[in-house]
Number of protein chains: 2
Amino acid sequence: MRELVKVFRALSDETRIRILKVLLERECCVCEIMQALDISQSRASRNLGILEGAGFVKSRREGLWMVYAIDEQAMNSYVAALIEVLRGSLVNEEIILWDRERLSRAMRVGPRAIRK
Amino acid sequence: MRELVKVFRALSDETRIRILKVLLERECCVCEIMQALDISQSRASRNLGILEGAGFVKSRREGLWMVYAIDEQAMNSYVAALIEVLRGSLVNEEIILWDRERLSRAMRVGPRAIRK
DNA sequence: AGACTATATGCACATTTTCGCATATAGTGT
DNA sequence: ACACTATATGCGAAAATGTGCATATAGTCT
């Protein structure tokens, strides 16, 4: 139960939904999330952490970068179903399109260069 | 987006998940929810209102009673999928079993008789 | 080692959420 | 109209949440 609540709570925030929609496009490091959503570094990092804690996302280190990706397997029962719901949602939502646009121009350049 | 967040937010609370699991058993008036979950009247009413606002639940008046039920049709795209996720979840969760047990003994007797 | 980088996190603060209490509202029945 | 009932809701308090700022942590490179 605790677990299920945590899973839904993770999705009950616009920032985190936007992050997941971006990660459904492709895996990203934190600074790419910052650029795609145009948000601060701590905000990106913290919300990625919450998504990871709920089981939506996994991370791996790649040099200085932490790369986050949708956890396609491993997901506990509900998570997989919820990812599918998200995959089909918000397909024409303006902010999601913007995020995708910015993502396409994002580079692994680090927050120093972005100053958010 | 606003709508999607509202839907997930509605599920991000243990009380509301318990209510939905009870309503998946059968429709209930507010006082039956109070008895099944062993919670106060205002708590039952308010959380039912939130579930209704998010589209999970519909209500009809039946004399003095307001009867709440899972909104099987009408549900906007995601809601139906989420109901299905819930239907398959928590099948052996202790608190859910207790709620169901208390529900089976609940009667339309009104909060006056329950004093919660 | 030291300088530099990307990411995580402690802290403070504002906002939101949840809930109980008391009361308002709406319907029933005399 | 009046008494009574079930449910909704305004208000206040406590707790939880989201975020920015500054700093800590962890890794790279010379």
Side-chain angles (χ1 to χ4, degrees), chain A residues 2 5-20 23 27-54 57-69 106-116, chain B residues 1-2 5-19 23 27-54 57-69 106-116:
Chain A
R2 211 97 199 120
V5 171
K6 193 201 291 183
V7 163
F8 285 126
R9 189 165 292 272
L11 297 179
S12 71
D13 178 86
E14 175 166 331
T15 301
R16 290 192 289 272
I17 290 181
R18 288 169 66 197
I19 291 178
L20 286 176
L23 290 178
E27 58 177 33
C28 291
C29 69
V30 177
C31 62
E32 288 172 315
I33 295 289
M34 292 175 60
Q35 294 169 77
L37 307 210
D38 192 32
I39 59 177
S40 73
Q41 187 268 321
S42 72
R43 188 172 167 188
S45 175
R46 248 184 254 272
N47 283 301
L48 282 163
I50 289 170
L51 288 171
E52 184 169 32
V57 152
K58 63 187 172 185
S59 63
R60 67 171 195 279
R61 191 168 266 288
E62 203 165 289
L64 280 177
W65 291 278
M66 287 295 292
V67 180
Y68 286 87
M107 292 168 54
R108 287 202 185 169
V109 71
R112 219 60 129 222
I114 304 171
R115 198 173 312 273
K116 247 284 133 44
Chain B
M1 168 65 101
R2 210 97 199 122
V5 171
K6 192 200 291 182
V7 163
F8 285 127
R9 187 164 295 264
L11 297 179
S12 72
D13 178 87
E14 174 166 331
T15 301
R16 289 192 288 272
I17 290 182
R18 289 169 66 198
I19 290 177
L23 290 179
E27 58 178 31
C28 292
C29 69
V30 178
C31 62
E32 288 172 315
I33 295 289
M34 292 175 61
Q35 294 169 78
L37 307 210
D38 192 31
I39 59 176
S40 74
Q41 187 269 320
S42 72
R43 188 171 166 188
S45 175
R46 247 184 253 274
N47 283 301
L48 281 163
I50 290 171
L51 288 171
E52 184 168 32
V57 151
K58 64 186 172 187
S59 62
R60 68 171 194 279
R61 191 169 268 288
E62 204 164 287
L64 280 178
W65 290 278
M66 288 294 291
V67 179
Y68 286 86
M107 292 166 55
R108 287 203 185 169
V109 71
R112 219 61 130 218
I114 305 171
R115 196 174 313 271
K116 246 284 133 41

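Below, read A as the first sequence line, B as the second, and so on, with proteins coming before strands; counting in each chain starts at 1.
- With a 4.5 Å cut-off on side-chain heavy atoms, A/I33 and A/R18 do not count as touching.
- Between B/N47 and C/dT17 there is no side-chain polar atom (N or O) within less than 4.0 angstrom of OP1 or OP2.
- Here the nucleotide nearest the side chain of A/M66, chosen from C/dT7, D/dA8, D/dG18, is C/dT7.
- The side chain of A/R9 approaches D/dA16 more closely than any other nucleotide in the set C/dT7, D/dA16, C/dG27.
- Ranked by how close their nearest DNA chain C nucleotide is to the 5' end, A/R43 and A/V109 are led by A/V109.
- Rounded to whole Å, the distance from CD1 on A/I33 to P on D/dT19 is 14 Å.
- A/S12 has no side-chain polar atom (N or O) that falls below the 4.0 Å cut-off from OP1 or OP2 of C/dT17.
- The pair A/K58-A/E52 does not count as a salt bridge, with every side-chain nitrogen at least 4.0 angstrom from each carboxylate oxygen.
- You'll find the side chain of A/C28 stays beyond 4.5 Å of the side chain of A/Y68, heavy atoms only.
- Look at B/E14 and A/R9 and you find no salt bridge, because none of the NZ, NE, NH1 or NH2 atoms lies under 4.0 Å from a carboxylate O.
- One N or O on the side chain of B/Q35 and one on the backbone of B/C31 form a donor-acceptor pair closer than 3.5 Å.
- If you check C/dC19, C/dT9, D/dT9 against the side chain of A/S42, the one that comes closest is C/dT9.
- One can place CZ of A/R18 at 14 Å from C1' of D/dG18, the figure rounded to the nearest angstrom.
- Rounded to whole Å, atom C1' of C/dT17 lies 15 Å from atom CD of B/E14.
- Atom NZ in A/K6 sits about 15 Å away from atom P in D/dA16, given to the nearest Å.
- Each of A/G63 and A/R46 lies near DNA chain D, and the nucleotide nearest A/R46 is the one positioned closer to the 5' end.
- The side chain of A/S45 places no N or O atom within less than 4.0 Å of a non-bridging phosphate oxygen (OP1 or OP2) of D/dT19.
- Looking at heavy-atom distances under 4.0 Å, A/R16 makes contact with sugar-phosphate atoms alone, never a base.
- Between B/Q35 atom CD and D/dT7 atom C1' there is a gap of 14 Å when expressed in whole angstrom units.
- Between B/Y68 and D/dA8, a side-chain N or O to OP1/OP2 separation shorter than 4.0 Å is present.
- Rounded to whole Å, the distance from CG on A/L11 to P on D/dG18 is 12 Å.
- Side-chain proximity of B/L64 to D/dT7, D/dT5, D/dA26: nearest is D/dT5.
- Of the side-chain N and O atoms in B/S40, one or more sit less than 4.0 angstrom from OP1 or OP2 of C/dG20.
- No hydrogens or angles were tested; on distance alone, nothing pairs the side chain of B/Q41 with the base of D/dA6 as donor and acceptor under 3.5 Å.
- Regarding B/L48, its CG atom lies at a distance of 14 Å from the P atom of C/dT18, rounded to whole Å.
- We find that CE of A/M34 is positioned 12 Å from P of C/dA8, with the value rounded to whole Å.
- No donor-acceptor pair under 3.5 Å is formed between the side chain of B/R16 and the backbone N or O of B/L11.
- Among the heavy atoms of the strands, none lies under 4.0 Å from B/V67.
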